[in-house]
> 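Structure below; questions to follow.
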Amino acid sequence: MSPLTAWQDALPLGKQVLHSGFNCFEVVLGFCLSLRLAELEGWIPLIQGLGLIICRKYPPECSVAWAHQKAGSHPHMWPEEKKILPNILKRVGCTPMVRVNKIGKSYGLKCELLAKCEYFNPGGSIKDRIGLRMVEDAERAGIIKPGDTLIEPTSGNTGIGLAMVAAVKGYRCIIVLPEKMSVEKVDILKALGVEIVRTPCTSFDAPESNIRVAWKLKSEIPNSHILDQYRNPGNPLAHYDTTAEEILEQCEGTVLCCCLYVDGTITGIARKLKEKCPECKVIGVDPEGSIVALPSEMNTTNTTNIEVEGIGHDFIPTVLDRSVVDQWYKCNDRDSLLMSRRLIREEGLLCGGSSGSAMSVAVQAAKDLKEGQRFSCFLVSTYAMAWGHMALQGHELSTAEPWWWNIKVQKLNLSSPLILLPEVSCQKAIEILQEKGYDQAPVVAESGLILGMVTLSNTLSSVLAGNATVLRLRYEGHLRPIGLEDSLGKLSCILENDHFAIVVHEQMQCRYLQQHCVVNGNGSSFMKQMVFGVVTAMDLLTFVSRNEKK
């Protein structure tokens with residue numbers, strides 16, 4: 001079938017589905033999922049130009065037919081060794097594979113434990129590969145041109161990869177980022193000239209989620225595009241064409257097990273490895289609080305917040321093919337972050353929290369392997385992306401913890417918070433803080449989005465600078481919300497670096513949708529974060545000192 005015929009055949013379907021009122025987060029490039037891989041490139045501009053959406057009767061899992069590509073379509077080639085590269089994008093990929101010695105030995109592993117160090121990519125993570133691939137695919141298809149705007153909802157690493165590509169190629173870049181992401185990622189994005197929009201950490205289909213906000217921005221900004229890592233076929237194809245080929249070459253075609261966290265990465269790599277090494281076993285890593293692992297009973301947990309950045313989902317990405325995973329493991333924040341610290345201290349591998357997740361699972365999954373067998377684990381990002389999240393205190397690395405460590409934040413006697421709207425003037429903010437006896441107050445939009453934090457000192461500085469509203473004087477530190485069910489140990493780690501933390505709790509909110517067909521009747525519900533209070537180091541010290549003798 002030719003692209004022209006496809007366009008003509010698909011147009012009535014596109015109109016019909018668009019008119020049916022399904023929301024934009026069921027949008028998939030599902031039209032391309034039934035195509036042969038070799039035909040895919042010619043279809044991309046038609047599919048994206050048509051803006052097709054596929055309703056719920058289509059399975060959410062990736063079902064691209066991974067036939068062999070045409071010769072030379074996207075060949076994997078090690079870069080030529082040159083003293084001078086034309087630009088930094090030529091350094092994406094071809095990351096080293098190294099042996100993990102001390103940690104494997106400490107767990108009594110007999111197999112050869114290997115680590116694919118993806119943080120050697122110039123942007124610091126494996127997501128540089130898909131950022132470059134998605135942009136270049138869109139350029140070849142004529143979808144984007146220099147001067148256009150790239151918008152991406154992301155947990156940070158994909159945003160950094162896209163921002164690096166945008167800086168080199170001359171695109172405006174807007175990254176929509178959840179509040180929990182580290183200040184290091186924000187600083188890197190700012191340095192790359194990115195415009196950052198922060199959103200609450202909420203479910204993907206809530207109106208204020210980073211995904212919904214990104215699509216709203218796209219509808220308002222001319223010549224803007226969302227390449228969409230969760231549905232873009234360039235995501236798994238980048239790993240099918242390059243990352244997996246590198247593994248095979250570095251391991252001389254003998255890989256018995258491969259441990260990966262789940263998204264387009266595992267789809268692309270696993271499919272290529274299973275083609276070339278049918279005996280290879282693929283291990284999927286999914287954090288507690290995520291819904292991706294199979295069987296679904298594995299996902300039952302009381303955990304609602306994932307501290308480790310960049311892993312876990314509350315939806316199934318279209319680029320994820322869960323059928324390629326042979327065995328699933330769940331990981332947790334504590335084991336992940338502690339393993340990250342061990343990789344740094346004992347192996348000299350400067351990796352991040354999600355790398356610790358993969359390695360904490362790898363040492364479990366590799367116990368039954370024999371001498372001479374190889375187990376490959378991915379270290380996907382650098383510690384510099386999330387050092388604030390990994391900076392655990394020395395006593396947490398030991399077995400002994402303070403008596404109060406696991407007590408929940410809700411046990412603190414917190415007073416009701418003072419909340420300021422962004423329209424409040426600086427002068428009025430000072431009067432309110434003094435009158436109510438508060439040192440600081442969160443600035444919260446009517447939608448519930450936490451915009452920032454003001455204190456008497458930064459409010460006064462803004463007045464002297466001539467700023468008129470609180471929105472202009474937002475506290476520039478990294479605001480890390482903490483839940484009522486989180487531990488005081490986690491709170492203490494936050495207060496080591498910040499003067500205060502915002503305590504939030506989730507509320508179920510319902511809305512009536514007049515123009516949309518909703519599965520659960522005439523209404524739709526979603527979880528929304530609400531500010532419960534502001535906690536300082538003094539609040540924690542007061543609680544500990546008063547209850548020490550008890």
> How long is the gap from CG on L337 to OG on S354, to the nearest 0.5 Å?
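Reported value, rounded in 0.5 Å steps: 10.0 Å.
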> Are the charged groups of R129 and D241 less than 4.0 angstrom apart, N to O?
no
> What distance do D486 atom CG and D333 atom CG have between them, rounded to the nearest 0.5 Å?
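Answer rounded to 0.5 Å: 9.0 Å.
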> Please name the pair of heavy atoms, one in A293 and one in K330, separated by the smallest distance, quoted to 0.1 Å.
CB-CD, 3.9 Å
> Start with the C-alpha gap between D335 and N332, add the side-chain angles, then the distance that decides, and say whether side-chain hydrogen bond (donor to acceptor under 3.5 Å, both in side chains) holds.
CA-CA 6 Å; D335 292 345; N332 61 62; 3.1 Å; yes
> Please find the pair of heavy atoms, one from D128 and one from G161, that lie closest to each other, and give the distance.
OD1-CA, 3.5 Å
> May I ask you to say whether K127 pairs ionically with D263, meaning some side-chain N is under 4.0 Å from a carboxylate O?
yes
> To the nearest 0.5 Å, how far apart are CG in L109 and CG in D368?
10.0 Å
> Does any N or O in the side chain of Q373 come within less than 3.5 Å of the main-chain N or O of C111, such that one atom is a donor and the other an acceptor?
no
> Would you find a donor on one side and an acceptor on the other, under 3.5 Å apart, between the side chain of E152 and the backbone of D228?
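Checking the backbone N and O of D228 against the side chain of E152, a donor-acceptor pair under 3.5 Å is found.
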> Could you tell me whether the side chain of T267 and the main chain of D321 form a donor-acceptor pair under 3.5 Å?
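Yes, the answer is positive, given that a donor and an acceptor are paired below the 3.5 Å cut-off.
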> Check the pair E118 / T95 against side-chain hydrogen bond (donor to acceptor under 3.5 Å, both in side chains), numbers first and verdict last.
CA-CA 6 Å; E118 285 296 300; T95 55; 2.5 Å; yes
> Would a 4.5 Å heavy-atom cut-off, applied to side chains only, mark T265 and T243 as touching?
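Contact flag for T265/T243 side chains = no.
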> For S376 and M97, work out which heavy atoms get closest and say how close.
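It is OG-CE, 3.6 Å.
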> First locate atom CZ of R374, then atom SG of C258, and finally report the distance between them rounded to the nearest 0.5 Å.
13.0 Å
> If every non-hydrogen atom of S487 is compared with every non-hydrogen atom of W405, which pair is closest and at what distance?
CB-O, 3.3 Å
> Do other residues, nucleotides or ligands put more than 12 heavy atoms under 6.0 Å from F532 CZ?
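No - once you tally the heavy atoms of other residues, nucleotides and ligands closer than 6.0 Å, there are 12 at most.
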> Carefully, step by step, assess S357 and S336 under the rule side-chain hydrogen bond (donor to acceptor under 3.5 Å, both in side chains).
CA-CA 4 Å; S357 299; S336 299; 2.7 Å; yes
> Mind listing the closest non-hydrogen atom pair of S360 and M339 along with its distance?
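Looking at all heavy atoms of both residues, the closest pair is N-CG, 3.9 Å.
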> What orientation do F315 and F204 show, parallel under 30°, tilted 30 to 60°, or perpendicular over 60°?
tilted
> What closest approach, in Å, do A501 and L491 show between heavy atoms, and which atom pair accounts for it?
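Taking every non-hydrogen atom into account, CB-CD1, 4.0 Å.
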> For E279, is the CD atom crowded, meaning more than 12 foreign heavy atoms sit under 6.0 Å from it?
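For E279, atom CD is crowded (more than 12 foreign heavy atoms under 6.0 Å).
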> Answer yes or no: is there a donor N or O on one side and an acceptor on the other, between the side chain of D286 and the main chain of V292, under 3.5 Å?
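Present.
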> For residues 97-109, which residue pairs pass the side-chain hydrogen bond (donor to acceptor under 3.5 Å, both in side chains) check, not counting sequence neighbours?
R99-E112, S106-R342
